[in-house]
Amino acid sequence: MSSTAAAAQATPAPAPDLAALKTKQQAAWTSGNYAIIGSTLQIVGEELCEALDLKSGSKVLDVAAGNGMASLAAARRWCEVTSTDYVPALLERGRARAVAEGMEIEFREADAENLPFADNSFDSVISTFGVMFTPNQDKAAAELLRVCKPKGSIGLANWTPDGFIGQVFKTLGKYLPPPAGAKSPALWGTRDRLGEMFDAGASSVKAQPRLFNFRYRSPDHFLEMFKTYYGPVLKAFAALDAGKQEELRNDLHALLVRMNRATNGSLVVPSEYLEVIITKR
């Protein structure tokens with residue numbers, strides 16, 4: 001091997017600009033209207049709160065809460081809920097849902113990587129398909145542990161790499177590769193990565209595969225909804241020229257048809273996620 005080649009191999013890859021990535025992600029989640037998609041996922045929040053066995057009166061923090069799916073589930077169990085996100089428009093949608101259902105929930109704008117709460121403040125900390133998208137995964141995990149009380153619980157619902165949504169993100173990555181060195185959000189849906197982030201601060205980390213069924217009128221209906229309302233998909237299409245947009249659409253359509261288990265022309269696509277229950281030391 002030449003000295004030039006050896007030097008090239010020894011040169012570490014540049015660290016990803018996590019601040020720039022966060023700004024880009026925040027713009028993506030602000031675009032469209034994730035609340036339209038988030039409302040369809042309500043059953044996941046309910047099942048997570050049941051898995052946590054939440055008790056009435058418990059102080060619960062929902063991190064990267066979107067439009068309050070899990071926040072509402074916890075409030076329905078008479079918990080004292082604080083719902084946070086870094087997209088103000090989504091907090092407003094969550095607040096409107098809480099008012100409509102007569103639920104008392106505190107809504108606060110907050111970054112999952114820098115939560116504005118004291119150490120050991122909450123009995124339970126939850127996040128459904130939210131905190132997994134933070135650019136600095138280790139920092140976000142450390143924040144979840146920090147604000148959770150000793151012996152308290154952290155409940156997560158995270159898409160897995162090989163499940164449907166994991167495949168959607170892999171498809172998007174073919175057209176818009178993520179920044180070099182950035183960790184995939186789907187790693188939160190793996191036991192190995194969860195261990196790296198939480199084992200040191202936890203007495204137990206339990207992870208159970210679950211399925212959520214996306215139910216839409218047809219593959220075309222799903223694509224139209226996600227292109228219009230789901231920020232990452234909307235932004236991906238917006239960044240491509242017409243030819244590449246058509247290729248991406250065809251790839252996503254083929255994925256939907258391949259995974260669709262409905263036989264009446266509608267769409268029912270099972271999407272694997274990991275239901276995670278962490279007990280803090």
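All values below come from the heavy atoms of this structure, side chains included, with hydrogens, waters and symmetry mates left out. Owing to the predicted nature of the structure, the values given are computational and were not obtained by experimental measurement.
Classification of Asp111 and Lys139 as a salt-bridged pair fails, no side-chain N sitting under 4.0 Å from a carboxylate O.
When all heavy atoms are compared, the tightest approach of Ala207 to Pro209 is O-CD, 4.1 Å. Leu248 and Ala236 get closest at one heavy-atom pair: CD2-CB, 4.3 Å. Residues Ser71 and Ser83 share a closest heavy-atom pair of OG-OG, 2.8 Å. The minimum heavy-atom distance between Ser127 and Leu48, with the atom names listed, is O-CD2, 4.4 Å. Nearest heavy-atom pair, Phe129 versus Met69, reported as atom, atom and distance to 0.1 Å: CD1-CE, 4.5 Å. When all heavy atoms of Leu274 and Thr160 are compared, the pair lying nearest together is N-CG2, 3.9 Å.
A donor-acceptor distance shorter than 3.5 angstrom exists from the side chain of Asp85 to the backbone of Gly66, with no hydrogens or angles considered. Checked by atom type and distance alone, the side chain of Tyr175 pairs as donor or acceptor with a backbone atom of Glu247 at under 3.5 Å. A donor-acceptor contact shorter than 3.5 Å is absent between the side chain of Arg261 and the backbone of Val268. Remark: side-chain polar atoms of Asp17 are not paired, donor with acceptor, to backbone N or O of Pro179 under 3.5 angstrom. Checking side-chain atoms of Thr40 against main-chain N and O of Ile36 turns up no donor-acceptor pair under 3.5 Å. With hydrogens and angles ignored, the 3.5 Å screen pairs a side-chain donor or acceptor of Lys280 with a backbone N or O of Leu145.
Annotation: side-chain contact (heavy atoms from CB on, under 4.5 Å) contacts of Pro116 (sequence neighbours excluded): Arg108, Ala110.
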(request) Could you please spell out the steps behind the ring pair (Phe, Tyr, Trp, His ring centres under 6.0 Å) verdict for Phe133 and Phe169? (result) CA-CA 12 Å; Phe133 290 100; Phe169 278 95; 5.7 Å; yes
(request) Run the numbers on Asn213 and Ile43 for side chain to side chain contact (heavy atoms under 4.5 Å, CB included), then give the verdict. (result) CA-CA 10 Å; Asn213 290 310; Ile43 192 172; over 6 Å; no
(message) What verdict does the side chain to side chain contact (heavy atoms under 4.5 Å, CB included) test give for His253 and Leu223, after you've listed the backbone C-alpha separation in whole Å, the side-chain angles of each residue and the deciding distance to 0.1 Å?
(response) CA-CA 7 Å; His253 191 274; Leu223 280 172; 3.9 Å; yes
(request) Apply the test side chain to side chain contact (heavy atoms under 4.5 Å, CB included) to residues Thr228 and Leu234: give CA-CA distance (whole Å), side-chain angles for both, the deciding distance (0.1 Å), then the verdict. (result) CA-CA 6 Å; Thr228 304; Leu234 184 159; 5.8 Å; no
(message) Checking Thr82 against Asp62 for the side-chain hydrogen bond (donor to acceptor under 3.5 Å, both in side chains) test, could you report, in this order, the C-alpha distance in whole Å, the side-chain angles of both residues, the deciding distance, and whether it holds?
(response) CA-CA 6 Å; Thr82 302; Asp62 190 359; over 6 Å; no
(message) The test is side chain to side chain contact (heavy atoms under 4.5 Å, CB included); show your working for Glu106 and Glu80 and say whether it passes.
(response) CA-CA 8 Å; Glu106 179 184 1; Glu80 298 178 17; over 6 Å; no
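Here the two rings, on Trp188 and Tyr273, have centers that are 6.0 Å apart or farther. For Phe226 and Tyr34, the ring centers are positioned 6.0 Å apart or more. Proximity of the aromatic rings of Trp159 and Phe214 is defined here by a centroid distance below 6.0 angstrom, and this criterion is met.
Within a 6.0 Å sphere centred on CG of Leu176, other residues, nucleotides and ligands contribute more than 12 heavy atoms.
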Report, one line per pair, each donor and acceptor closer than 3.5 Å where one atom sits in a side chain of residues 148-155; sequence neighbours left out.
unit_1 : atom_1 : unit_2 : atom_2 : d
Lys149 : NZ     : Asp123 : OD1    : 3.3
Ser153 : OG     : Ser124 : OG     : 2.7

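Residue pairs meeting the salt bridge (charged side-chain N to carboxylate O under 4.0 Å, His left out) criterion with at least one partner in residues 67-79, sequence neighbours excluded, are Glu46-Arg76, Glu46-Arg77, Glu50-Arg77, Arg76-Glu101. Applying the salt bridge (charged side-chain N to carboxylate O under 4.0 Å, His left out) test to residues at least two apart or on different chains, the pairs with a partner in residues 86-100 are Glu92-Arg95. Residue pairs meeting the salt bridge (charged side-chain N to carboxylate O under 4.0 Å, His left out) criterion with at least one member in residues 168-192, sequence neighbours excluded, are Asp162-Lys170, Lys174-Asp251, Arg191-Asp199. Pairs engaging residues 202-231 under the salt bridge (charged side-chain N to carboxylate O under 4.0 Å, His left out) rule: Arg210-Glu275, Asp220-Arg249 [sequence neighbours left out].
Taking the ring axis of Phe122 as reference, the NZ or CZ atom of Lys59 stays within 45° of it and closer than 6.0 Å to the ring centre.
Side-chain atoms of Asn136 and Lys22 include no donor-acceptor pair closer than 3.5 Å.
Atoms CD1 and CD1, on Ile126 and Ile277 in that order, are 10.0 Å from each other to the nearest 0.5 Å.
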